[in-house]
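Letters A, B, ... mirror the listed sequences (proteins, then strands); counts begin at 1.
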Protein chains: 2
Amino acid sequence: MIQNLTEHDREHLQEALVKSGQKVTPQREAVFTVLLAQRDHPTVDEVFNRAREVMPGLSLATVYNCLETFVGCGLVRQVNHERESTRYCPNLAPHAHFRDKATGRVHDIELPPEVLKSLRSILPPGFDSEVIEISFHGRAQSGEQTSN
Amino acid sequence: MIQNLTEHDREHLQEALVKSGQKVTPQREAVFTVLLAQRDHPTVDEVFNRAREVMPGLSLATVYNCLETFVGCGLVRQVNHERESTRYCPNLAPHAHFRDKATGRVHDIELPPEVLKSLRSILPPGFDSEVIEISFHGRAQSGEQTSN
DNA sequence: CTTGGGAGTTAGAATGATTCAAAATCTCAC
DNA sequence: GTGAGATTTTGAATCATTCTAACTCCCAAG
């Protein structure tokens, strides 16, 4: 079910970790593997449960730690919607999120550079933004798949 | 400190409540008054503390209830940022939020219709969105005031 | 080797925002 | 004035997340 990391993905992980002074550990590999295996914006709990199939001793706290580390070195993004549990997303390209009212599922929506630019342009002078979060909430006709 | 509602604002409150089958109560008036008096995106706790100056017996649960009711009848918007406490905003015009990294303060950013439109246009066919949340996170040069 | 230190992991307790449940109060139509 | 239904209150419960302290692992120095 959960494939091992490809050589390429393992290198990606290692490079990002080492670059920010962190180590590659079996737990981090497991968590990262889980994230890449099913890109459906899982919650911490979901990651935890999936990862335990592969590494039964893994603890919840470690999953929190790993994910925090990944966010810190830019490997994954957090996705928050209202006050629901934080979800995690390994899609690094600039994108927005669409949350389906009916299913709760989160879809990635590609964000063209010109739209991003027009968004930035609405900031008054003096405001300098590093992060822009865009999230839609509504209905997606079933069958739509955009979970990159 | 906390002024009474203007006639106009009181009517606005009453109309919105009645339209969705709710009653005007002293607690709801107090909470609404607090929201209008200082449009700085307060948390529930902040609303609670401010409102108690005017109505000492008011309970926290009631503040939660009132705010939920207001959101339900479109009087105010919730503003969530990461997993911090929910904040409340009586600005009904379409706008984005800018969260100042340094102070934690939230500023409203006007959202021109054409930008809104270009945002909507990135949704693939089949996706239909009622709500769009846009939030910036970064630094605002101090002195910037955009808290309406 | 073997020892010691630092990073990482673990289990479980603690936190804190929010929600829930049940009793008390209010309000308004009759 | 009465009763039903809505609202408010208090305090307990929930639940995601964070914290704490003990433990493990690995590597580098002796």
Side-chain angles (χ1 to χ4, degrees), chain A residues 13-14 16-34 41-52 54-73 75-89 99 104 106, chain B residues 13-14 16-34 41-52 54-73 75-88 104 106:
Chain A
L13 172 63
Q14 166 158 2
L17 284 173
V18 169
K19 191 178 295 180
S20 47
Q22 317 269 359
K23 293 179 182 170
V24 180
T25 69
Q27 287 86 345
R28 286 175 180 167
E29 273 196 24
V31 170
F32 194 59
T33 304
V34 161
H41 306 86
T43 62
V44 175
D45 254 6
E46 286 163 348
V47 174
F48 179 49
N49 289 321
R50 292 175 196 173
R52 274 219 286 199
V54 159
M55 181 180 276
L58 186 70
S59 84
L60 179 59
T62 299
V63 176
Y64 273 100
N65 291 339
C66 290
L67 291 170
E68 192 191 358
T69 302
F70 294 164
V71 170
C73 59
L75 276 171
V76 309
R77 273 175 63 180
Q78 284 186 323
V79 183
N80 287 291
H81 205 273
E82 322 239 293
R83 301 213 92 250
E84 290 173 7
S85 306
T86 299
R87 294 173 176 278
Y88 291 83
C89 162
R99 176 122 174 315
V106 176
Chain B
L13 172 64
Q14 166 159 3
L17 284 173
V18 169
K19 191 178 296 178
S20 47
Q22 317 271 359
K23 293 179 182 170
V24 180
T25 69
Q27 288 86 346
R28 286 174 180 169
E29 273 197 25
V31 169
F32 193 60
T33 304
V34 160
H41 307 85
T43 61
V44 174
D45 254 4
E46 285 163 348
V47 173
F48 179 50
N49 290 320
R50 291 176 198 174
R52 275 219 286 199
V54 159
M55 181 181 276
L58 186 69
S59 83
L60 179 60
T62 299
V63 175
Y64 274 99
N65 290 339
C66 291
L67 291 170
E68 192 190 359
T69 302
F70 293 163
V71 171
C73 59
L75 276 172
V76 309
R77 273 176 62 180
Q78 283 186 322
V79 183
N80 288 291
H81 206 274
E82 322 240 293
R83 299 213 93 250
E84 291 174 6
S85 307
T86 299
R87 294 172 176 279
Y88 291 84
V106 176

Next item on the list: Would you kindly compare A/Tyr64 and B/Cys66 by the position of their nearest DNA chain D nucleotide and give the one closer to the 5′ end?
Entry: B/Cys66
Next item on the list: In whole angstrom, give the distance that lies between atom CZ of A/Arg52 and atom C1' of C/dT9.
Entry: 14 Å
Check: Which part of the nucleic acid does B/Thr62 contact within heavy-atom distance under 4.0 Å: base, sugar-phosphate only, or nothing?
Finding: base
Next item on the list: Determine the minimum heavy-atom distance between A/Tyr88 and A/Gln78, stating which atoms define it.
Entry: OH-NE2, 3.1 Å
Next item on the list: Using the side chain to side chain contact (heavy atoms under 4.5 Å, CB included) rule, pick out the option among B/Gln22, B/Arg28, B/Glu29 that qualifies with B/Cys66.
Entry: B/Arg28
Item checked: Non-hydrogen atoms of A/Pro42 and A/Arg50 that approach each other most closely -> CB-NH1, 3.8 Å
Check: If you walk 5' to 3' along DNA chain D, what is the first nucleotide with an atom under 4.0 Å of a heavy atom in chain A, and what is the last?
Finding: D/dA16 to D/dT18
Check: Would you say B/Arg52's side chain and B/Gly57's backbone share a donor-acceptor pair under 3.5 angstrom?
Finding: no
Checklist line | Atom-to-atom span, CE of B/Met55 to C1' of C/dT25 - whole angstrom | finding: 14 Å
Note to self: Taking the nucleotide of DNA chain C with the nearest heavy atom to each, does A/Arg28 or B/Ser85 sit closer to the 5' end?
What the structure shows: A/Arg28
Margin query: Using a 4.0 Å heavy-atom cut-off, does B/Ser59 contact any base of the nucleic acid, only the sugar-phosphate backbone, or nothing at all?
Written below: base
Next item on the list: For A/Phe48 and C/dT9, give me the distance from atom CZ to atom P, rounded to whole Å.
Entry: 14 Å
Next item on the list: Look only at the side chain of A/Arg87 and the backbone of A/Val44, and say whether a donor-acceptor pair between them is shorter than 3.5 Å.
Entry: no
Check: Hey, which of these two, B/Glu84 or B/Lys23, hits DNA chain C nearer its 5' end, going by closest nucleotide?
Finding: B/Glu84
Item checked: Atom-pair distance (CG on A/Leu67; P on C/dT9), nearest Å -> 12 Å
Check: NA contact type, A/Asp45, heavy-atom cut-off 4.0 Å: base, sugar-phosphate, or nothing?
Finding: nothing
Check: In terms of side-chain heavy atoms of A/Gln22, which of C/dG8, C/dA11, C/dT18 is nearest?
Finding: C/dG8
Checklist line | B/His81 NE2 to C/dA17 P, straight-line distance once rounded to whole Å | finding: 17 Å
Next item on the list: Check the pair B/Glu46 / B/Thr43 against side chain to side chain contact (heavy atoms under 4.5 Å, CB included), numbers first and verdict last.
Entry: CA-CA 5 Å; B/Glu46 285 163 348; B/Thr43 61; 3.4 Å; yes
Check: Which is true for B/Thr86 with a 4.0 Å heavy-atom rule: it touches a base, it touches only sugar-phosphate, or it touches nothing?
Finding: sugar-phosphate
Notebook entry, point to check: Over how many whole Å does the gap from B/Asn65 atom CG to C/dA17 atom P extend?
Noted result: 18 Å
Note to self: With a 4.0 Å limit, can you tell me whether A/Arg83 has a side-chain N or O closer than that to the phosphate oxygens OP1/OP2 of C/dT18?
What the structure shows: yes
Item checked: A/Glu68 atom CD, over 12 foreign heavy atoms within 6.0 Å -> no
Margin query: Does a side-chain N or O of B/Gln27 approach OP1 or OP2 of C/dC26 to a distance below 4.0 Å, or not?
Written below: no
Next item on the list: Please report, rounded to the nearest Å, how far the P atom of C/dA17 is from the CG atom of B/Asn49.
Entry: 12 Å
